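In what follows, a structure is listed as structure tokens, so that the remarks can point back to it.
Every chain is numbered from 1, with letters handed out A, B, ... down the list of sequences. Note that the coordinates shown come from a computational prediction; the quantities given were computed from them, not determined experimentally.
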Amino acid sequence: MQKTDAINIEITINSGQVFLWNKIEEQWLGVNGQDVLILRQSPFSLKSSGSIDNFLRKDDDLNKILKNISIDKTVGEAVKQSPGLRLIRQDPFQCYISFICSSNSSIQNIKFMLENLCRKFGTKKEFEVHELHTFPKVETLANATMKELLDCKLGFRAKYVKKAAEAVNSNKINFKDLQKADYQTTIRSLKEILGIGNKVADCIALFSLDKMEAFPIDRWTQRILLKYYKKKFSNITEKPVTEKKYEKLHDEIVEYFGPYAGYSQQFLFKMERDLNKKSWL
DNA sequence: TCATCACCTGGAGA
DNA sequence: ATCTCCAGGTGAT
């Protein structure tokens, strides 16, 4: 009998939260900011090249959260299908840049772009027997030229990344403050950055800034709401979710799914993509 | 306020 | 081979 707070590494990494991970033999090797991490399922271990601040959110009371979000058959089934799926607490800057790059792009392409950024701007690091590049530092990316960013195949996202990095470098965006701020304040602040809309802001808030009421609404989430919750959220259609609708919808979602709505989203998202046999990392 | 459209890029399918 | 369409969106008009 598996304990409900047991983390399944494979499922967690392959759930669209993180991109800079590779499976090497029985271990998952990944980059989180300036740290290199190695995760192993059995026997369970987490090794880090640096000090890591609760990457796997051990402080979350999973029994409580899972009970809280299992409010209907759909979420209940999603939780059952992905036992051990957990939210990760990512390095905020890496998460911020990652999801700016995610716009109109596939998981494989996002990974490709981020790996290019690490190779060009990151620090080469040896850990255990492995060697890889860490994520670029804020200052480095802020001072990168457009040509360098375009060489990383970011395309139209290159200018977004540059400006976003500059905003952090100048302290216009301060992740420590945002971690302490409430959800609305955080979203509003992030959306001032070019290239960050509602969906990307929700991803950053959920995956790196401890906002569990964030519920990113993308094509998949929209499909899920339409498929399983059409009655509950009457204004959801197959058409793109407009700015005004997004905020209203989000309010209704939190009202229905509760304070851990972000966790429900993660389970639902994982279930529906697996159901459609979409590939992960 | 809302609908349309372009946008870099790589990969899949015609 | 070459083209078209799409991929976990956003911003400009």
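Checking C:dT10, B:dT1, C:dG8 against the side-chain heavy atoms of A:Trp280 singles out C:dG8 as nearest. Counting only heavy atoms from C-beta on, A:Asp218 has its side chain closest to C:dG9 among C:dG9, C:dA7, B:dG10. Side-chain atoms of A:Lys244 lie closest to B:dC2 of the nucleotides C:dA7, B:dC2, B:dG10. Relative to the side chain of A:Phe156, the nucleotides B:dC7, C:dG8, C:dG11 differ in distance, and B:dC7 lies closest. Of the candidates C:dT10, B:dC8, C:dG11, B:dC8 carries the atom nearest the A:Asn104 side chain, counting heavy atoms from C-beta on. When each of C:dG8, B:dA3, B:dC8 is scored by its nearest atom to the side-chain atoms of A:Thr242, the top-ranked nucleotide is B:dA3.
In plain terms, the two heavy atoms of A:Leu37 and A:Asp35 that are nearest each other are CD1-CB, 3.7 Å.
Look at the P atom in both B:dT1 and C:dG9: the space between them is 24 Å, to the nearest Å. B:dA3 sits 23 Å from C:dG8 when the P atoms are compared, rounded to a whole Å. Rounded to whole Å, the P atom of C:dT2 lies 24 Å from the corresponding atom of B:dC8.
Counting any heavy atom pair closer than 4.0 Å across all strands shown, A:Ile224 reaches no nucleic acid atom. Within the nucleic acid shown, A:Ile110 has no heavy atom closer than 4.0 Å to any nucleic acid atom. Within 4.0 Å of A:Ser279, counting heavy atoms only, lies no atom of the nucleic acid at all. A:Lys199 comes within 4.0 angstrom of a base, heavy atoms only. Nucleic acid contact class of A:Lys278 (heavy atoms, under 4.0 Å, all strands): sugar-phosphate only.
Among A:Ser102, A:Cys101, A:Cys118, the one residue that satisfies the side chain to side chain contact (heavy atoms under 4.5 Å, CB included) test with A:Met113 is A:Cys101.
We find that CZ of A:Phe112 is positioned 5 Å from P of B:dG10, with the value rounded to whole Å. Put simply, CE on A:Met113 is 10 Å from C1' on B:dG10, counting in whole angstrom units. Note: CH2 (A:Trp220) to P (C:dC6) measures 14 Å, nearest angstrom. Whole-Å rounding puts the A:Lys239 NZ to B:dT4 C1' distance at 13 Å. Remark: P of C:dT10 and CD of A:Gln222 are 12 Å apart, rounded to the nearest angstrom. The distance between atom CG of A:Asn14 and atom C1' of C:dG8, rounded to the nearest whole Å, is 15 Å.
Aromatic ring orientation, A:Phe233 versus A:Phe257: parallel (interplanar angle below 30°, classes split at 30° and 60°). Aromatic ring pairs are classed by plane angle as parallel below 30°, tilted from 30° to 60° and perpendicular above 60°; the pair A:Tyr246 and A:His250 is parallel.
If you check C:dT10 for Watson-Crick or wobble pairing at under 3.5 angstrom, you find it paired to B:dA6.
With hydrogens and angles ignored, a donor-acceptor pair closer than 3.5 Å exists between the side chain of A:Arg273 and the base of C:dG8.
Comparing A:Leu194 and A:Phe99 along DNA chain C, the residue whose closest nucleotide (by nearest heavy atom) sits nearer the 5' end is A:Phe99. Along DNA chain C, the nucleotide closest to A:Ile196 and the one closest to A:Ser15 are compared, and the more 5′ of them pairs with A:Ser15. Heavy-atom distances to DNA chain B give each of A:Ser103 and A:Gln108 a nearest nucleotide, and the one nearer the 5′ end belongs to A:Ser103.
In this structure, A:Lys227 contributes its side chain and A:Glu272 its backbone to no donor-acceptor pair below 3.5 Å. With A:Gln90 contributing its side chain and A:Asn32 its backbone, the two residues share no donor-acceptor pair below 3.5 Å.
Distances shown here put every side-chain N or O of A:Arg157 at or beyond 4.0 Å from the OP1 or OP2 atom of B:dC7.
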